[in-house]
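Notes for the one structure printed next.
No experiment lies behind these values; they were computed from the predicted model shown. When reading the values below, keep in mind they use all heavy atoms of this one structure, side chains included, and skip hydrogens, waters and symmetry mates. Heads up: numbering here begins at 1 and tracks the sequence.
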Amino acid sequence: MMLNHRALNTNRSSLQPATATRLARAIRHLGAAALGGLAACGMAACASPFGTAGGDGGGQGLYRSILAHDLADGHLLTQPSVMPVDQGVHEMPATAANNADAAVIPATTQGGAAVALHGHPPSTSMTLRQAIEDALSHNLSIKIQAYVPSISQTQIIQAQAAFDPSLVSSVQYQHLNEPTPFPSTLGGSFPIGMNNEDQLQSQIGVKKLLSTGGTISLTGSDNYQDFHSSSGLPPDINPSHTADLGIELKQPLLRGFGVTVNHADIYIARRNQQIALSDFRREVIRIVARVERTYVQLNQARTEVRIEEQLLRHSRRTLQRLRTRLHMDVDSVQISQAKAAVDLAQYGLVSAQRQTGDLSEKLKALLNDPAFPAGPGPAIKTANKLVAEPLAFDLRHDIATALAQRGIMRRDRMNIEKDGIRQAVAKNALLPKANLIAATDSSGLTMNGSLPGAFRQAITSPNFGFSVGLNVDIPLGNRAARAALYRRRLLRRQALTRMLKDAQNIARDIASDLINLTADWSQIRVARKRRLSAAMVLRGLKVEELSGHALSPTFLQLQLNAQENLAEAQIAQSAAVAAYNLDLVQFERDKGSLLEFDRVAISPAGSQ
């Protein structure tokens, strides 16, 4: 399985086995590169903390319109491509199976938009692409993290819902029974009379919180009165309905005024969702990196198994040859030495087989595929050969990519913006309270006392009234608000310092990864030369054997030693190649571009 890394970095110079001094000279500029990239991408993202949250930072729109519950149901797809699926994954031909120079570069998962991820038949052979797809489809850690963005989306809706209008209503019934003086001019046996009154007050309206911090309400009310008096003098209109239509505005003029202050919870909730999406991406990268690392280690272990099996066969053949010459020119000591060589080769084989089984179970646990249950059952076999080739890179470009792509940098940027929003709210809290209250209404009452007529009069022949008021509250000293503002300023400075620290750590990680890759490539070249030399020695002994050289104990021991040296050289080269690819996976993970490197995209919900 091959990957052209240069396709992702078109303007890079080739990384040859440069000396440590040459690379160290480039690393001396790390501080400037990191700080420059930080200033460019970090400060620009924090320039306006009150607008919409920044983009996803990945440059690929991986998380746009994402719904995590759909992702948890399997909407995690490979990136659509116009190329056939087999163009992204190049299987090694069978004739190359014995190529001792083979190494690994992590494979892509490039494919069509509807790659089938479920229900493949159980198989012991698996490509790296299939392993990544299985992990994306079945790994529970990814599914758990996939719910978090949708949970954070509900917090945005909850914050926005504070500005939704609400319907308000009230009903109150009151019965009054009051004694009242009875006028003597009207006659009567008692000087004190009784007034009985039934009142029913009802109100209905709509109230809404404004983005400026004020509250506006529109109300309609009815006051029903039914009056009875022992004096026999009720009102001329009895019973009666008095209708009232009104509008009221309550608006803070200083503290609590403005869209910035009142939409702060919405702005913060949006940035929390960006953090949740970034954390989801980080979790996907973490799982994919673990799958690739385990796959590489499993490939290396299986290579060692094949090498140890070959060494064991040769050791046994040598032992058998020596036994046929026992009591001729071979003594028991030489037989014991050959037995020890066989036992040592068998021990190496058992150790390699055990490591292969452990890594197979580890990969099964990462995939969590029902087709590969844990425990006894079909072991996973790697189907891809490992390919080693020079890597192209540009230190400044890679550091800038990491500063833009790494999830921790996205989190830091969002936290700085959140602290800026909270600081603005705390600064507004320093102002005194000054609340304006303004209201106006129109009343109506008809001669017949009917409710429809009262409302009709309130609309067509209004009797307007109004009121205006101002409430002022000035705290003396205002120490609580000042302390809160100072705390917010300190927290924002702390967040900026944390971002700078993370940027420096990322720059160091990238530099360290490139040093490791350079050393790995040099080690591969040395290990390859060692293997070729060991193979030439063994081939020369084989030529001598075919030319009729006597198979003396000394000659057989030379062959056995040459075979052991070749096996050690092959294992060393396999280990160097595996280290190269493990460091390459770590390099792409540290850059935050592992998903793009593997052609893995997280599709928006409903994209299938």
Side-chain angles (χ1 to χ4, degrees), residues 1-10 56 58-63 71 74-92 103-117 126-139 141-142 145-146 278 280-299 363 366-367 369 382-389 391-393 398 401-402 404-407 513 517 578 580-603:
M1 198 174 286
M2 301 173 62
L3 175 65
N4 185 3
H5 187 272
R6 295 182 182 82
L8 301 179
N9 304 280
T10 55
D56 57 14
Q60 302 295 329
L62 296 180
Y63 301 105
L71 292 173
H75 292 279
L76 200 56
L77 304 178
T78 55
Q79 186 173 356
S81 172
V82 297
M83 301 174 67
V85 174
D86 61 355
Q87 293 294 322
V89 179
H90 300 272
E91 307 293 345
M92 293 293 292
V104 81
I105 284 184
T108 69
T109 55
Q110 180 177 348
V115 177
L117 302 181
M126 177 176 288
T127 64
L128 179 56
R129 172 176 172 270
Q130 291 172 336
I132 293 176
E133 289 177 351
D134 263 8
L136 296 180
S137 298
H138 301 106
N139 188 275
S141 296
I142 292 179
Q145 191 67 33
S278 178
F280 176 52
R281 175 186 169 91
R282 289 171 62 186
E283 181 64 17
V284 173
I285 290 176
R286 186 183 72 87
I287 296 299
V288 170
R290 290 186 61 188
V291 169
E292 293 193 24
R293 291 181 63 86
T294 306
Y295 191 93
V296 170
Q297 292 168 348
L298 179 59
N299 194 299
L363 186 56
L366 287 172
L367 302 185
D369 191 339
T382 56
N384 298 122
K385 287 295 177 181
L386 311 183
V387 180
E389 61 182 21
L391 174 69
F393 83 104
D398 292 332
T401 300
Q405 292 278 85
R406 281 286 294 271
D513 292 338
L517 286 169
Y580 176 79
N581 289 271
L582 292 176
D583 287 337
L584 179 57
V585 173
Q586 187 64 40
F587 172 66
E588 292 296 336
R589 181 180 179 182
D590 288 341
K591 281 205 311 179
S593 58
L594 184 62
L595 297 184
E596 291 80 3
F597 182 73
D598 287 332
R599 300 295 194 271
V600 174
I602 301 173
S603 69

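- Nearest heavy-atom pair, V291 versus A131, reported as atom, atom and distance to 0.1 Å: CG1-CB, 3.9 Å.
- Between the OG1 atom in T294 and the CG atom in L366 there is a gap of 5.0 Å [rounded to 0.5 Å].
- For the side chain to side chain contact (heavy atoms under 4.5 Å, CB included) test, residues two or more places apart in sequence or in another chain that qualify with D590 are R406, D509, I510, D513, Q586.
- A side-chain donor-acceptor contact under 3.5 Å links S278 to the backbone of G407.
- The minimum heavy-atom distance linking F280 with I142 is given by the pair CE1-O, 3.7 Å.
- Contact between L367 and H138 at its shortest, heavy atoms only, is O-CB, 3.1 Å.
- Residue M126 holds its CE atom at 6.0 Å from CG of D369, rounded to the nearest 0.5 Å.
- Considering only residues two or more places apart in sequence or on other chains, I285 meets the side chain to side chain contact (heavy atoms under 4.5 Å, CB included) condition with R281, R589, L594, L595.
- Residues Q145 and V284 form no side-chain contact, since every pair of their non-hydrogen atoms from C-beta on lies 4.5 Å or further apart.
- Here the closest heavy-atom approach between residue Y295 and residue N384 is recorded as OH-OD1, 3.1 Å.
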Under the side-chain contact (heavy atoms from CB on, under 4.5 Å) rule, what do V296 and T382 come out as? Steps first, then yes or no, please.
CA-CA 9 Å; V296 170; T382 56; over 6 Å; no
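- A distance-only check finds no donor-acceptor pair linking the side chain of S593 to the backbone of E596 [under 3.5 Å].
- For the atom pair L128 CG and I132 CD1, the distance stands at 4.0 Å (nearest 0.5 Å).
- From L584, atom CG reaches atom CZ of R293 across 11.5 Å, with rounding to the nearest 0.5 Å.
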